[in-house]
J.: 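Here's a structure for you.
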Amino acid sequence: MGRRVTVTVIVTVIVTVIVTLLFLLFTVPGCGKRVIDGQQIAKGEKIVIKFSHVVAENTPKGLAAQRFADLVRQRTGGYVEVQVFPNSSLYKDGEEFEALQNGSVQMIAPATSKMSMLDPAWQILDLPYAFRNLTEVHAMMDGTAGRKLFARLEEQGMLGLAMWDNGFKQITNNQHPLAQVKDFKDLTFRVMPSKVLENQFKQLGAAALPMPFSDVHQALADGSVDGEENTISNIYTQRFDQVQKYLTISNHGYIGYVVLSNSEFWNNLPAEVRKILEETLIEVTVWQQRKAEEVNNNHLEELKKQGQLKIHLLSPDEEKMWQQELLPVYDRLALEVGPEWADIIRGLKNNGR
Ligand code: LMR
């Protein structure tokens, strides 16, 4: 393990140094000017990329966004500055897409559930118990379905650059432990803006209330909702354990992100810059997909240490009952998105059952 890490660090440093030197060699002909794509650029002139997101910094998405910013700064000698705005500090849910389309920000990474506001087919990733692990998610997104979802974004002037993971969702609430389907009766849960997620809770006998992520803590605290579903990392970093009593480890759904840019902005970047950004994104995505599980596991240990939540791990039998109860959610989505997605949805419905 120690030896492999050292080699990785040495290789990363060597690569960074070579790329930086090459970049500077070709862009700093003499004092005061850079040459990018044959263009003379004034010293100090920068390309600024505003990257807005809604979660905390020490989360799978927050860490990846910052790592991307740091590597890009290193590799462009500071010529490209990625400014990261976490915690909805610049734009909150429901504002990000417009800000990207009108050029107020250049990068965002919304959850796939929120992508359903642009294209309902993204709800496929919200289907309960559709994926048993992250490898299955990646396989679908690297396949025809994933490529089709990404290609359709361009019709809206957006460019899907990468898929980042968070992980699988758990459920918290304030009323009582959730083990049986009947335990959901008459409770209200906050959801992301996705009909599949609303139908999921309705199918279990509960109500669902879509709202921006940044409003959830307050809504849990004042009781306008009884509970919510999220990854451990979001539950921990948003301190939902301060305003919730019960946590069920259910792994019932996936949260992942689409790293997006504005097509016009991205395609008009100098080719050398775009190359460094895209290569660095690939590298950070590999790192991020490995890191996501680790971060969630560490945060679960922290939650246990805090001891605020009464934790129930869903048994295989209980999970089977939830899965069976939730199958109609697949049929409703198939009706909504039409025949072109029918095979994919059917495949996920029968996945491992
Ligand atoms: C949520 O709204 O619950 C999540 O999508 C937030 C996030 O980006 O992880």
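Each ligand, and each atom within it, is numbered from 1 in the order the structure gives. Side-chain atoms are counted along with the backbone in the values below, which use heavy atoms only and exclude waters and symmetry mates. Nothing here was measured: the structure is a model prediction, and the numbers come from that model.
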J.: Strictly by modelled atom types, are Q244 and Q308 linked by a side-chain donor-acceptor pair under 3.5 Å?
T.: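 There is no such pair between these side chains.
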J.: Could you list the residues that satisfy ring-ring contact (aromatic ring centres under 6.0 Å, His included) with H299, not counting sequence neighbours?
T.: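 So H299 forms a ring-ring contact (aromatic ring centres under 6.0 Å, His included) with Y236.
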J.: Assign the ring pair H252 / F201 to parallel, tilted or perpendicular, where the plane angle (0 to 90°) is split at 30° and 60°.
T.: perpendicular
J.: Give the atoms of ligand 1, by number and element, whose distance to some non-hydrogen atom of V55 is under 4.0 Å.
T.: 6 (C), 7 (C), 8 (O), 9 (O)
J.: If the threshold is 4.0 Å, N to carboxylate O, is there a salt bridge linking E340 and K148?
T.: yes
J.: Answer side chain, backbone, both or neither: which part of T59 comes under 4.0 Å from ligand 1, heavy atoms only.
T.: neither
J.: Going by distance only, is there an N or O of N166 that falls short of 3.5 Å from an N or O of ligand 1?
T.: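 So ligand 1 has no N or O lying under 3.5 Å from an N or O of N166.
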J.: I'd like to know if the side chain of E81 pairs up with that of Q83 as donor and acceptor (distance under 3.5 Å, no hydrogens or angles considered).
T.: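 Yes, side-chain donor-acceptor contact under 3.5 Å.
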J.: Taking only heavy atoms of A111, which atoms of ligand 1 are found under 4.0 Å from at least one of them?
T.: 5 (O)
J.: How would you list, by chain and number, every residue that makes a side-chain contact (heavy atoms from CB on, under 4.5 Å) with M321, sequence neighbours excluded?
T.: Q180
J.: Quick check on K61 - does any of its heavy atoms sit under 4.0 Å from an atom of ligand 1?
T.: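 Judged by the 4.0 Å heavy-atom criterion, K61 does count as contacting ligand 1.
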J.: Heavy-atom distances under 4.0 Å decide this one: backbone, side chain, both or neither, for V54 against ligand 1?
T.: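 Only the side chain of V54 comes within reach of ligand 1.
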J.: So is R190 close enough to ligand 1, meaning a heavy atom under 4.0 angstrom away?
T.: yes
J.: May I ask you to say whether K349 pairs ionically with D331, meaning some side-chain N is under 4.0 Å from a carboxylate O?
T.: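 Yes, charged N to carboxylate O under 4.0 Å.
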J.: When you look for heavy atoms under 4.0 Å from ligand 1, do you find them on the side chain of N230, its backbone, both, or neither?
T.: side chain
J.: In terms of atom number and element, which parts of ligand 1 are under 4.0 angstrom from non-hydrogen atoms of M192?
T.: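 Those of ligand 1 that fall under 4.0 Å from M192 are 1 (C), 2 (O), 3 (O), 4 (C), 5 (O).
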J.: With atoms numbered from 1 as shown, which atoms in ligand 1 lie under 4.0 angstrom from a non-hydrogen atom of K114?
T.: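 In order of numbering, the contacting atoms are 1 (C), 2 (O), 4 (C), 5 (O), 6 (C).
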J.: Specify side chain, backbone, both or neither for E228, according to which of its non-hydrogen atoms lie closer than 4.0 Å to ligand 1.
T.: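 Neither; no heavy atom under 4.0 Å.
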